[in-house]
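Quick notes on the structure that follows.
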Amino acid sequence: VQLQASGGGLVQAGGSLRLSCAASGRTFGSYAMAWFRQAPGKEREFVAGVSWSGTTYYADSVKGRFTISRDNAKTTVYLQMNRLKPEDTAVYYCAARGMVVSTTHMEYAYWGQGTQVTVSS
């Protein structure tokens with residue numbers, strides 16, 4: 001599967017952005033999808049994930065502010081980010097793996113190219 005992420009940009013603290021990740025392939029519905037992020041000098045970290053059945057998972061740092069969703073008909077996964085903070089600044093990557101969400105980036109076989117999110121204070 002090929003992934004194409006979009007929707008990043010520059011936003012003030014407290015603002016919102018919606019990231020999109022369009023996937024190719026007819027088996028999108030069988031994949032677990034996730035968003036990771038990586039800030040300069042830091043390791044890639046799990047942000048949110050949605051299983052093939054629609055169960056969602058969030059990192060504690062974004063719980064209550066971010067919402068992940070998937071549209072299987074459009075083979076797209078979204079990350080709605082509200083009440084953004086400067087510490088959310090990072091390159092955001094979407095990723096796919098078989099059925100079940102993992103919080104470990106090394107367990108994902110497919111990655112999008114990343115989209116920059118910058119939150120100014």
Side-chain angles (χ1 to χ4, degrees):
V1 61
Q2 293 183 321
L3 306 174
Q4 180 74 33
S6 62
L10 173 64
V11 64
Q12 289 188 330
S16 299
L17 281 175
R18 189 175 82 154
L19 305 183
S20 298
C21 177
S24 65
R26 293 175 291 178
T27 57
F28 176 80
S30 66
Y31 285 101
M33 303 297 297
W35 289 95
F36 287 78
R37 66 187 180 188
Q38 188 165 18
K42 294 188 176 181
E43 292 193 358
R44 193 167 296 192
E45 65 173 359
F46 174 81
V47 175
V50 56
S51 72
W52 71 277
S53 62
T55 303
T56 57
Y57 305 84
Y58 297 95
D60 288 342
S61 59
V62 307
K63 205 170 291 184
R65 299 187 298 122
F66 290 10
T67 303
I68 189 171
S69 60
R70 67 188 299 159
D71 185 334
N72 289 343
K74 295 182 178 179
T75 64
T76 300
V77 63
Y78 305 97
L79 185 68
Q80 178 67 43
M81 305 185 294
N82 299 328
R83 291 184 283 137
L84 282 160
K85 304 175 181 180
E87 51 263 45
D88 295 319
T89 295
V91 177
Y92 283 70
Y93 299 89
C94 60
R97 70 185 300 269
M99 297 181 73
V100 178
V101 172
S102 170
T103 60
T104 304
H105 66 87
M106 289 185 290
E107 295 188 358
Y108 286 79
Y110 306 101
W111 290 88
Q113 84 286 6
T115 185
Q116 176 71 47
V117 171
T118 303
V119 184
S120 63
S121 57

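Because only heavy atoms are used, hydrogens play no part in the values below, and waters and symmetry mates are left out as well, while side chains stay in.
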Nearest 0.5 angstrom please: Met33 CE to Ser69 OG, how far? 11.5 Å
Between Ala48 and Leu79, the two heavy atoms sitting closest are CB-CD1, 4.0 Å
Determine the minimum heavy-atom distance between Ala39 and Thr89, stating which atoms define it. CB-O, 3.8 Å
For the student: nearest non-hydrogen atoms of Ser20 and Thr76, plus distance: CB-CG2, 4.3 Å
Within the supplied structure, the quantity of interest is the number of heavy atoms (other residues, nucleotides, ligands) at a distance under 6.0 Å from Gln2 CD; does it exceed 12? no
Examine distances only and state if a side-chain atom of Thr75 and a backbone atom of Ala23 form a donor-acceptor pair shorter than 3.5 Å. yes
Where is the tightest heavy-atom contact between Leu3 and Gln113, given as atom of each residue plus distance? O-OE1, 4.0 Å
Rounded to the nearest 0.5 Å, what separation is found between the OG1 atom of Thr56 and the CZ atom of Phe66? 14.5 Å
Checking side-chain polar atoms at under 3.5 Å, does Arg97 have a donor or acceptor matched by the opposite partner on Tyr108? no
May I ask you to test the Val62-Arg37 pair for a side-chain heavy-atom distance under 4.5 Å? yes
Side-chain donor or acceptor of Ser102 paired with backbone N/O of Thr104 under 3.5 Å: yes
Lys/Arg-Asp/Glu bridge criterion (N-O < 4.0 Å) met for Asp60, Lys63: yes
Hey, could you give me the CH2/CG distance between Trp35 and Leu19, rounded to the nearest 0.5 Å? 4.5 Å
Would you say Thr115 and Ser6 make side-chain contact, with heavy atoms under 4.5 Å? no
Verify same cluster id: Tyr58, Trp52 (apolar side-chain graph, 4.5 Å): no
Is there a side-chain contact between Ser51 and Val101 (heavy atoms, below 4.5 Å)? yes
Aromatic ring proximity, centroids under 6.0 angstrom, Phe46 and Tyr57: no
I want to check a possible cation-pi pair here: Arg70 against Phe28, using under 6.0 Å from ring centre and within 45° of the ring axis as the test. yes
To check you understand the geometry: which heavy-atom pair defines the closest contact between Gly98 and Tyr31, and what is its length? N-CD2, 4.2 Å
Atom pair NZ/OG of Lys85 and Ser121 - distance to nearest 0.5 Å: 14.0 Å
Does the side chain of Tyr93 reach to within under 4.5 Å of the side chain of His105, using non-hydrogen atoms? no
Given 3.5 Å as the limit, does a donor-acceptor pair link the side chain of Arg83 with the main chain of Gly64, or not? yes
Considering residues, nucleotides and ligands other than Trp111, do more than 12 of their heavy atoms fall under 6.0 Å from its CH2? yes
How many angstroms lie between CG in Asn72 and OG1 in Thr27, if you round to the nearest 0.5 Å? 11.0 Å
Do Arg65 and Met81 have side-chain heavy atoms sitting under 4.5 Å apart? no
Which atom pair, heavy atoms only, marks the closest approach of Val47 to Phe36? CG2-C, 3.9 Å
